[in-house]
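Down below is the structure, laid out as structure tokens.
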There are 2 protein chains.
Amino acid sequence: MKDRSSPTPIVCTVDVVLLTLRESVLQVLLLRREQAPFEGAWALPGGFVHADEDADTEASAARVLQSKVGIASPYLEQLATFSGLARDPRGWSIAVTYCALVSHDALQAALAANIEGSVQSQSPSRARSHLQLFDVAALPQLPFDHARIVEAAVARVRGKSLYSSLPVFLCGPEFTLPQLQQTYEAVLGEAVNKVSFRRKMDELDMLEAVPGAVRGGAAHRPAQLYRLRPEYRRSLSLLARGL
Amino acid sequence: MKDRSSPTPIVCTVDVVLLTLRESVLQVLLLRREQAPFEGAWALPGGFVHADEDADTEASAARVLQSKVGIASPYLEQLATFSGLARDPRGWSIAVTYCALVSHDALQAALAANIEGSVQSQSPSRARSHLQLFDVAALPQLPFDHARIVEAAVARVRGKSLYSSLPVFLCGPEFTLPQLQQTYEAVLGEAVNKVSFRRKMDELDMLEAVPGAVRGGAAHRPAQLYRLRPEYRRSLSLLARGL
DNA sequence: ACAATAGTGTCTGTTAGACACTATGCC
DNA sequence: GGCATAGTGTCTAACAGACACTATTGT
């Protein structure tokens with residue numbers, strides 16, 4: 001029984017599935033690859049694990065997000081690890097994948113800062129045109145096993161949304177209940193009962209009304225703005241009986 | 001921006017949390033380490049990923065289970081990946097962890113075959129005394145971050161048991177409904193309603209009665225034996241509304 | 001006043017659990 | 001027959017969804 005480290009080198013990478021909601025459609029951020037293999041193809045933002053600078057693979061994922069997208073996602077969850085000889089032409093590889101959820105506004109702001117910053121400084125180095133959102137139901141051909149990874153991320157997000165507060169991370173810091181409900185509906189892909197939804201949100205005791213703030217401007221009654229209570233900013237709230 | 005593989009080598013391992021139920025108590029199989037680091041300590045069965053022989057890390061986990069425990073678990077699920085500099089004194093490491101569920105009978109049979117086989121052949125090489133079950137609530141001091149890994153496995157199994165057929169993998173191939181209910185109760189740590197439980201199992205339509213077979217022998221009415229329908233032997237059945 | 005959406009009160013069908021009952025083996 | 005557990009029928013409380021109603025803005 002050998003006990004040495006494997007002689008065949010193993011490529012260790014992280015890949016990040018950054019999801020956001022644009023006009024009630026779940027979208028994933030892809031990056032045009034600038035290097036071989038698959039140069040020029042749209043792929044998940046990812047990179048090698050840097051053992052000399054990353055505390056762990058979550059730090060690698062955060063570094064990748066910061067350097068390639070210019071954003072620090074408030075929600076970053078480990079998804080799964082994909083491995084094997086077949087997935088990467090460079091050899092036997094391990095990809096630890098993460099799922100990031102970001103509001104569309106925050107993402108657009110980061111991308112805008114990104115393109116400006118790349119004029120003045122050298123980092124982040126990619127222009128906005130190398131980053132693009134794609135509807136998760138209409139992806140281009142993806143290299144490696146990135147299609148499976150996106151699929152796993154979407155399935156995870158859908159599943160968790162059934163019994164947790166996860167979709168709030170797709171909204172901005174303040175949002176109305178109708179907005180949040182639309183977010184749930186977009187993620188789940190089905191309509192949600194308004195009365196039940198509000199009962200659940202009330203039970204969860206996870207939101208607080210922003211005093212006196214409403215979102216108006218339209219020709220109808222304005223809606224109360226809510227935000228996450230501080231204790232739920234970084235962790236999920238779970239429902240006992242789902243939805 | 002460097003794009004080469006990290007210069008610092010990364011140790012890639014798999015660790016398996018093998019859980020079973022003994023007298024309604026959830027137990028984890030630990031192995032006494034024969035090599036440094038932590039020689040002599042109880043630890044999760046694990047080993048290096050062998051890029052030259054394993055198709056992927058799940059195959060690595062299956063190989064580790066087979067070679068160190070002498071069992072092929074019918075249920076083997078990826079748990080999470082633990083990584084970083086601090087967890088292993090040998091350096092920056094990645095541990096892809098798996099959770100295996102096995103009936104106590106199957107495990108005992110494997111361990112018995114293991115000890116016999118180790119007399120005649122060279123593989124599996126470990127005697128039974130190097131493998132021992134521990135109550136998950138009363139673990140010895142574990143090396144690396146194995147305590148966290150076991151904790152994650154138990155939490156995952158508890159969580160999934162609330163809304164899936166997962167606990168059936170802790171029973172043998174045939175079992176009675178009261179047995180299965182006890183299994184759920186042991187995993188969840190709380191009593192479940194008999195009528196509701198049977199309604200759910202009926203809805204799931206996942207079990208089939210073994211014709212004419214009952215488990216008797218006691219001074220009371222014998223119970224009907226059931227087994228998993230073939231289509232659910234390797235996949236979970238999910239409940240819409242939990243428990 | 002009207003349109004349009006926010007937010008609530010209430011009714012009803014469904015579901016989960018409590019309880020009690022019957023069923024069937026062994027002694 | 002007695003005992004112990006298997007298995008079921010049924011009542012009730014809790015819950016989720018449907019619907020209708022009121023509330024509040026801009027035009």
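Lettering follows sequence order; numbering is per chain, from 1.
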Does a distance-only test, which skips hydrogens and angles, find a donor-acceptor pair under 3.5 Å between the side chain of B:Arg199 and the base of C:dA16? yes

Using a distance-only criterion (donor-acceptor N/O pair, under 3.5 Å, no hydrogens), is the base of C:dG17 paired with the side chain of B:Lys194? no

Residue whose nearest DNA chain D nucleotide is more 5′ - B:His220 or A:Gly217: B:His220

Result for 5'-nearest mapping on DNA chain D, choosing between A:Ser196 and B:Gln224, is B:Gln224

Nearest to the side chain of [X] - [options]?
| X | options | value |
| --- | --- | --- |
| A:Ala223 | C:dA6, D:dG26, D:dT24 | C:dA6 |
| A:Val195 | C:dG7, C:dA16, D:dC19 | D:dC19 |
| A:Asn193 | C:dA23, D:dG17, C:dG7 | D:dG17 |

Rounding to an integer number of Å, can you tell me how far A:Phe197 CZ sits from C:dA6 P? 12 Å

Can you tell me the distance, in whole Å, between the CZ atom of B:Arg221 and the C1' atom of C:dG25? 9 Å

In terms of side-chain heavy atoms, does B:Gln179 have a donor or acceptor partner in B:Arg215 at a distance below 3.5 Å? yes

Does one side chain, of B:Gln224 or B:Tyr226, offer a donor that lies under 3.5 Å from an acceptor on the other? no

Quick check, are the ring centers of A:Phe197 and A:Tyr184 under 6.0 angstrom apart? yes

Pairing of A:Asp205 and A:Arg229 as salt bridge, 4.0 angstrom limit: yes

